[in-house]
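Beneath this line is the structure, given in structure tokens, with notes to follow.
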Amino acid sequence: MLDFLYQNAGGAFAVMLVFQVPFLIVFLYIIYLKAYKNPSPSDTKAATLSQMEWAWLGLVITLFLAFNLLSIKYMPQIATARVEASAAEIQDIDVSAQSWAYQISDRQLQVGRPVRFSVKSVDTVHGFAVYHPDGRMLFTMMLIPGVDTSSIIHTFTEPGTYKVRCLEYCGIAHHAMQDALIVAAKP
Ligand SMILES: [Cu+2]
């Protein structure tokens with residue numbers, strides 16, 4: 001769905017601006033406040049400020065811990081270990097990456113059946129990223145030649161065509177290093 005944004009330099013630049021412009025606006029606004037609106041020294045007492053700083057620090061630490069603990073089960077490695085432990089019926093797929101294409105033992109997958117991707121590179125550093133049909137990246141792996149095959153287990157929940165892309169720059173045809181997986185609905 002968002003693919004069009006990433007297929008040309010203008011789109012990528014626009015996405016970058018969406019992230020940067022709010023910071024620029026806040027930055028300029030603060031300069032404006034201190035330069036014209038309220039140039040005198042702050043009248044907040046130092047003691048009040050330090051209380052606020054402690055409260056802020058506590059909030060940041062609490063949010064940091066909460067987000068990490070709540071999201072840990074969504075980490076690909078943790079999710080992989082959980083599926084492996086539950087002894088589900090896993091479909092094994094071997095993937096070999098080579099400049100600038102993938103060899104994939106089977107591109108036909110099924111909704112609801114866990115897939116173990118065992119992926120390696122035979123020449124240089126490559127990536128193996130799988131995208132949902134709506135453009136979201138589901139996971140990515142970095143493949144280093146000479147390192148053992150690495151594997152990840154993913155269970156697809158929706159049928160469709162899932163794009164595969166290399167996300168590690170690997171030479172002149174890196175952008176063309178793409179493939180696709182077909183996920184079929186439950187029979
Ligand atoms: Cu590449």
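Each ligand, and each atom within it, is numbered from 1 in the order the structure gives. Basis for what follows: all heavy atoms, side chains included, without hydrogens, waters or symmetry-related copies. The shown structure was predicted, so the numbers you read here are calculated from the model rather than taken from an experiment.
- Rounded to 10°, the angle that SG of Cys170 and SG of Cys166 form at the Cu ion (ligand 1) is 120°.
- Put simply, His126 stays out of reach of the Cu ion (ligand 1), with no N, O or S atom under 2.8 Å from it.
- A pairwise comparison of heavy atoms in Ala101 and Met177 identifies O-CE, 3.7 Å as the closest pair.
- Looking only at N/O/S atoms, Glu168 comes nearest to the Cu ion (ligand 1) through O.
- His174 pairs by the ring pair (Phe, Tyr, Trp, His ring centres under 6.0 Å) definition with Tyr169, not counting sequence neighbours.
- Looking only at its N/O/S atoms, His174 has ND1 as the one nearest to the Cu ion (ligand 1).
- For residue His175, no N/O/S atom approaches the Cu ion (ligand 1) to within less than 2.8 Å.
- Rounding to the nearest 0.5 angstrom, the gap separating the CG atom in Leu109 from the OH atom in Tyr162 is 9.5 Å.
- Seen from the ring of Tyr131, Arg165 counts as a face-on cation partner, given the 6.0 Å and 45° thresholds.
- Using a 3.5 Å distance cut-off with no hydrogens or angles, the side chains of Ser96 and Asp94 do not pair a donor with an acceptor.
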